[in-house]
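The structure appears right after this line, and notes come after that.
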Amino acid sequence: SSTATGTGILFAGTINGNYALTLNVPNGSIQFNQAVGNVTPLSSLVVDTRASNVAGSITTSGNLNFNSPINLSNSAAIDAGGNLSVTGLITASGNTPAALSARGNLTVADVIANAGISLISDDILTSGNLDASGVTKGGPITAIGKNGVQAGTLNTSASNGNAGNVLVNSQGNVRLNAVNAQGGNNGAGGSIEISSFQFLQILGSFIDRNGTNASVSNVGGTSGGPIT
């Protein structure tokens, strides 16, 4: 195992090796400019810092914990062979989607990424609000938890153009706050597909573009999308 501390850490090159890495920079930031674990995954990774900037994909064979907000760029993705947790806000820059996956539980707070959000867990997925909304278009949202999905509001709406599609799938229970896949004034609503082999609950609501108090809506200025 290895531990690094300081006021700020910049990793300009790749990091590889079957070992546990802990990074502790409580009053600074950590920047990953290149891939982590792309050749040999780390056995685990723990990041404790005020801000994490991830410009290279990160792969571990075991647990991965970010105790900080994360900004993703350069098409970076995060994949854990065990549990994956992120305690802070996840954002993604430009055309980079927020793509996180785990063989175990996947637990994140709010996620904002106009290019799209993909959260996939082989066990239970737990998240805050997922926001892929935009002006000219909304990004797609995929939320898959094999044994359960619990999430806040899923928003793929667009204020002017087409909304993004929504896919939620689980063999267990699905519990959401609301789903907003509304198209803009000159756009179509996105498709909404929600599958649960057990119980489905959608507990919240919002006022959609037609003035309706809705828990799920994908109406659009030009057309709505299918809901299945």
Side-chain angles (χ1 to χ4, degrees), residues 1-113 115-128 130 132 139-147 149 169:
S1 65
S2 179
T3 301
T5 62
T7 58
I9 301 176
L10 168 64
F11 292 100
T14 59
I15 305 171
N16 285 286
N18 183 26
Y19 61 88
L21 177 61
T22 298
L23 303 173
N24 186 12
V25 187
N27 297 315
S29 63
I30 296 175
Q31 173 88 26
F32 298 94
N33 280 353
Q34 299 293 331
V36 177
N38 61 315
V39 177
T40 303
L42 302 182
S43 61
S44 66
L45 175 63
V46 177
V47 178
D48 289 294
T49 188
R50 183 174 294 177
S52 297
N53 298 297
V54 179
S57 293
I58 297 176
T59 306
T60 64
S61 58
N63 294 338
L64 201 166
N65 303 98
F66 272 91
N67 298 312
S68 74
I70 295 177
N71 179 256
L72 299 166
S73 61
N74 197 33
S75 299
I78 299 176
D79 179 72
N83 298 326
L84 169 55
S85 67
V86 181
T87 60
L89 173 68
I90 299 172
T91 57
S93 301
N95 293 323
T96 297
L100 295 89
S101 55
R103 306 295 81 70
N105 294 324
L106 174 53
T107 305
V108 300
D110 294 347
V111 184
I112 301 174
I117 299 169
S118 175
L119 304 177
I120 300 175
S121 167
D122 287 351
D123 201 342
I124 296 175
L125 168 61
T126 305
S127 80
L130 307 180
I141 292 178
T142 297
I144 298 174
K146 181 177 180 180
N147 296 320
V149 174
N169 183 275

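Excluded from the calculations below are hydrogen atoms, water molecules and symmetry mates; all remaining heavy atoms, backbone and side chain alike, are included. We're numbering straight along the sequence, starting at 1. Note that the structure is predicted; figures quoted are calculated from it, not measured.
When only modelled atom types and interatomic distance are considered, Ser85 and Asn65 share a side-chain donor-acceptor pair under 3.5 Å. For the residue pair Asn18 and Thr40, no side-chain donor N or O sits within less than 3.5 Å of a side-chain acceptor on the partner. When only modelled atom types and interatomic distance are considered, Asn24 and Asp48 share no side-chain donor-acceptor pair under 3.5 Å. When only modelled atom types and interatomic distance are considered, Ser68 and Ser52 share a side-chain donor-acceptor pair under 3.5 Å. Defined by atom type and a distance below 3.5 Å, a donor-acceptor pair is present between the side-chain atoms of Asn71 and Ser93.
Of the residues Val86, Leu89, Ile117, Leu84, the one that meets the side-chain contact (heavy atoms from CB on, under 4.5 Å) test with Val108 is Val86.
Residues Ala92 and Ala98 share a closest heavy-atom pair of CB-N, 4.2 Å. Closest of all the heavy-atom pairs between Asp122 and Asn147 is O-ND2, 3.9 Å. Between Leu100 and Leu106 the shortest heavy-atom distance is O-CD2, 3.7 Å. Between Ile9 and Leu23, the shortest heavy-atom contact is CD1-CD2, 4.4 Å. Smallest separation of non-hydrogen atoms from Gly62 and Ala80: O-CB, 3.7 Å. Val54 and Ile70 get closest at one heavy-atom pair: CG2-CG2, 3.9 Å.
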Practice problem: Report the C-alpha separation of Asn63 and Ser44 in whole Å, then their side-chain angles, then the decisive distance to 0.1 Å, and conclude whether the side chain to side chain donor-acceptor pair (under 3.5 Å) test is met. | Solution: CA-CA 5 Å; Asn63 294 338; Ser44 66; over 6 Å; no

Exercise. Please assess Leu42 against Val36 for the test side chain to side chain contact (heavy atoms under 4.5 Å, CB included), listing each intermediate value before the final yes or no.
Key: CA-CA 8 Å; Leu42 302 182; Val36 177; 3.6 Å; yes

Exercise. Before giving the answer on side chain to side chain contact (heavy atoms under 4.5 Å, CB included), spell out for Val47 and Ile30 the whole-Å C-alpha distance, their side-chain angles and the decisive distance to 0.1 Å.
Key: CA-CA 8 Å; Val47 178; Ile30 296 175; 3.7 Å; yes

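Listed for the Thr49 side chain is a donor-acceptor partner under 3.5 Å among the backbone atoms of Val25. Panel note: side chain Asn105, backbone Leu125; no donor-acceptor pair is recorded below 3.5 Å. Using a distance-only test at 3.5 Å, with no hydrogens or angles considered, a donor-acceptor pair links the side chain of Ser43 to the main chain of Tyr19. With hydrogens and angles disregarded, a donor-acceptor distance shorter than 3.5 Å links the side chain of Asn74 to the backbone of Ala55.
Counting heavy atoms from C-beta on, the side chains of Thr142 and Leu119 never come closer than 4.5 Å. The closest side-chain heavy-atom distance from Ile58 to Asp79 is not below 4.5 Å. Side chains of Leu72 and Ile78 form a contact here, defined as non-hydrogen atoms less than 4.5 Å apart. Using a 4.5 Å heavy-atom cutoff, the side chains of Thr59 and Pro41 are in contact.
To the nearest 0.5 angstrom, Asn33 atom CG is 5.0 Å from Leu10 atom CG. With rounding to the nearest 0.5 angstrom, the CD atom of Gln34 is 10.0 Å from the CD1 atom of Ile15. Ser73 contributes atom OG, which lies 7.0 Å from atom CG of Asn53 (distance to the nearest 0.5 angstrom). Note: Leu64 CG to Leu45 CG = 4.5 Å, rounded to the nearest 0.5 Å. For the atom pair CD1 (Ile112) and OG1 (Thr91), the distance works out to 7.5 Å, reported to the nearest 0.5 Å.
Taking the six-membered ring where the residue is Trp, Phe11 and Phe32 present parallel rings, their angle staying beneath 30° rather than reaching 60°.
Using a 4.0 Å cut-off between charged nitrogen and carboxylate oxygen, Arg103 and Asp123 do not count as a salt-bridge pair.
More than 12 heavy atoms of other residues, nucleotides or ligands sit less than 6.0 Å from atom CG of Asn38.
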